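Worksheet for the structure shown next.
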Number of protein chains: 2
Amino acid sequence: MQAVLVDQLRKANRRITVQRMQVFEGVKGLDSHPSALEVFEAVKPRLPSISLATVYRNLHILRLEGLLREIHCDRGITRFDSNLSEHYHFHCTSCQRVSDVPSYSREIERSFSEKTGLHISGHHLTFQGLCNDCLKVEPSR
Amino acid sequence: MQAVLVDQLRKANRRITVQRMQVFEGVKGLDSHPSALEVFEAVKPRLPSISLATVYRNLHILRLEGLLREIHCDRGITRFDSNLSEHYHFHCTSCQRVSDVPSYSREIERSFSEKTGLHISGHHLTFQGLCNDCLKVEPSR
DNA sequence: CCCTTACCGATAAAAGTTCTCAATAGCATG
DNA sequence: CATGCTATTGAGAACTTTTATCGGTAAGGG
Ligand SMILES: [Zn+2]
Ligand SMILES: [Zn+2]
Ligand SMILES: [Zn+2]
Ligand SMILES: [Zn+2]
């Protein structure tokens with residue numbers, strides 16, 4: 001299992017450590033696009049001796065190797081995403097949870113690139129709103 | 001000048017101070033969507049005694065009153081935008097500058113809301129790429 | 001001109017992230 | 001399986017970005 005992950009790490013001359021695997025599993029297990037601290041707290045029960053610095057270090061490495069993605073929705077927080085397929089996001093402005101939106105349009109990039117002549121490497125689309133849970137609690141706004 | 005700004009502040013029981021006006025002018029003058037520190041450095045020559053805390057305080061208040069907007073592109077940095085009209089952004093992944101993209105589609109929200117049944121209050125679209133300046137310097141990638 | 005209080009500057013504190021370093025452990029090699 | 005090289009770890013310091021605290025100041029209404 002996780003053959004792709006292990007192969008990719010080996011190829012990049014990265015070692016397969018328990019901490020690194022657990023950090024990856026931590027992000028993958030939490031489908032809510034967790035922050036570094038949330039990953040730390042998810043991994044800690046299984047690996048009580050792990051350091052927060054190790055979590056940050058491995059999140060950084062896994063992103064460098066293209067095994068995780070970063071997203072920026074809130075102020076001052078970096079969130080991590082194990083879903084590498086092209087997709088958009090929905091950010092609940094009340095509970096701050098981020099969920100995937102399974103749609104994507106490469107046409108948006110092509111159209112923008114054609115209009116401006118700029119070199120485009122990607123685009124992020126994020127919807128803001130209230131999730132169904134939060135809509136029940138505060139029907140205001 | 002700045003009649004709308006002054007009226008809006010008065011209406012909200014906010015005082016018109018030199019610092020507050022200069023912070024607003026600082027964001028407006030820098031069309032690059034500056035960070036709080038960049039605003040501070042832009043204002044300092046005109047108001048050498050201003051404190052960084054005052055810049056943060058007023059950016060926060062101006063956003064609360066709907067006179068500025070926040071955007072989140074980089075890791076851990078909040079940028080400010082004086083352009084209140086609906087528009088998208090282009091983020092250069094090399095020099096980190098953010099520029100406006102004068103297009104917007106409310107249809108995207110309607111379509112998403114219809115598909116998912118979720119309550120949408122807005123959406124952000126950001127393109128990543130290399131600006132023309134950076135493309136000259138590093139034609140790689 | 002005076003009074004109330006929102007605001008200011010300075011600084012400490014909090015939150016998020018990265019750096020430093022000695023000790024450890026992957027893993028290639030034999 | 002034993003050995004050696006070095007990437008990685010844990011702990012804590014340091015750094016960056018943002019917010020809170022507080023005594024003094026000044027905006028603006030009366
Ligand atoms: Zn919610
Ligand atoms: Zn996602
Ligand atoms: Zn650039
Ligand atoms: Zn803008």
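Chain A is the first sequence line, chain B the second, and so forth, proteins listed ahead of strands; every chain is numbered from 1. Model, not experiment: these values are computed from the prediction.
When each of D/dT19, C/dG9, C/dC8 is scored by its nearest atom to the side-chain atoms of B/R20, the top-ranked nucleotide is C/dC8. Counting only heavy atoms from C-beta on, B/Q19 has its side chain closest to C/dG9 among D/dA7, C/dG9, C/dA6. Each of C/dA10, C/dT17, D/dG12 was ranked by its minimum atom distance to the side chain of A/A36; first place goes to C/dT17.
Nearest-nucleotide assignment on DNA chain D puts the 5′-proximal partner with A/V55, out of B/H60 and A/V55. In terms of position on DNA chain C, the residue among A/G76 and B/T54 whose nearest nucleotide sits closer to the 5' end is B/T54.
When the P atom of D/dG10 is taken as reference, atom CG of A/L52 falls 11 Å away, rounded to whole Å. Rounded to an integer number of Å, the gap from CD1 of A/I50 to P of D/dT8 is 14 Å. C/dC19 atom P lies 12 Å from atom CD1 of A/I61, rounded to whole Å. Between the CG atom of A/L47 and the C1' atom of D/dA11 there is a distance of 16 Å, given to the nearest Å. If you take CD of B/Q22 and P of C/dG9, they are 12 Å apart, rounded to a whole angstrom. Whole-Å rounding puts the B/Y56 OH to D/dT16 P distance at 12 Å. Separating the NE2 atom of B/H72 from the C1' atom of D/dT17 is a distance of 12 Å, rounded to the nearest angstrom. Residue A/R75 contributes atom CZ, which lies 19 Å from atom P of C/dA14 at whole-angstrom precision.
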* Under the side-chain contact (heavy atoms from CB on, under 4.5 Å) criterion, do B/H60 and B/T78 qualify, and how do the steps go? -> CA-CA 11 Å; B/H60 184 239; B/T78 300; over 6 Å; no
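Here the closest non-hydrogen pair linking B/Y104 and B/E109 is OH-OE2, 3.1 Å.
Residues A/D74 and A/H91 have side chains that bring a donor and an acceptor to within less than 3.5 angstrom of each other. Side chain to side chain, B/S113 and B/R110 fail the donor-acceptor criterion of an N or O pair below 3.5 Å.
Between A/D31 and A/D100, the closest side-chain pair of non-hydrogen atoms is not below 4.5 Å. A/H123 is listed as a side-chain neighbour of B/F127, based on a closest heavy-atom distance under 4.5 Å.
A close approach under 4.0 Å does not occur between any side-chain nitrogen or oxygen of B/N13 and OP1 or OP2 of C/dT5.
Using a 4.0 Å heavy-atom criterion, one finds that B/T78 contacts the sugar-phosphate atoms exclusively. Contacts of A/S49 with the nucleic acid, taken as non-hydrogen atoms under 4.0 Å apart, involve only primed sugar atoms and P, OP1 or OP2.
Between A/R106 and A/E86, at least one side-chain N (NZ, or NE/NH1/NH2) sits under 4.0 Å from a carboxylate O, which counts as a salt bridge.
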* To do: Determine, for nucleotides 21-30 of chain C in 5'-to-3' order, which nucleotides have protein heavy atoms under 4.0 Å from the base (write B), from only the sugar-phosphate (write S), or from neither (write -).
  => ----BBS---
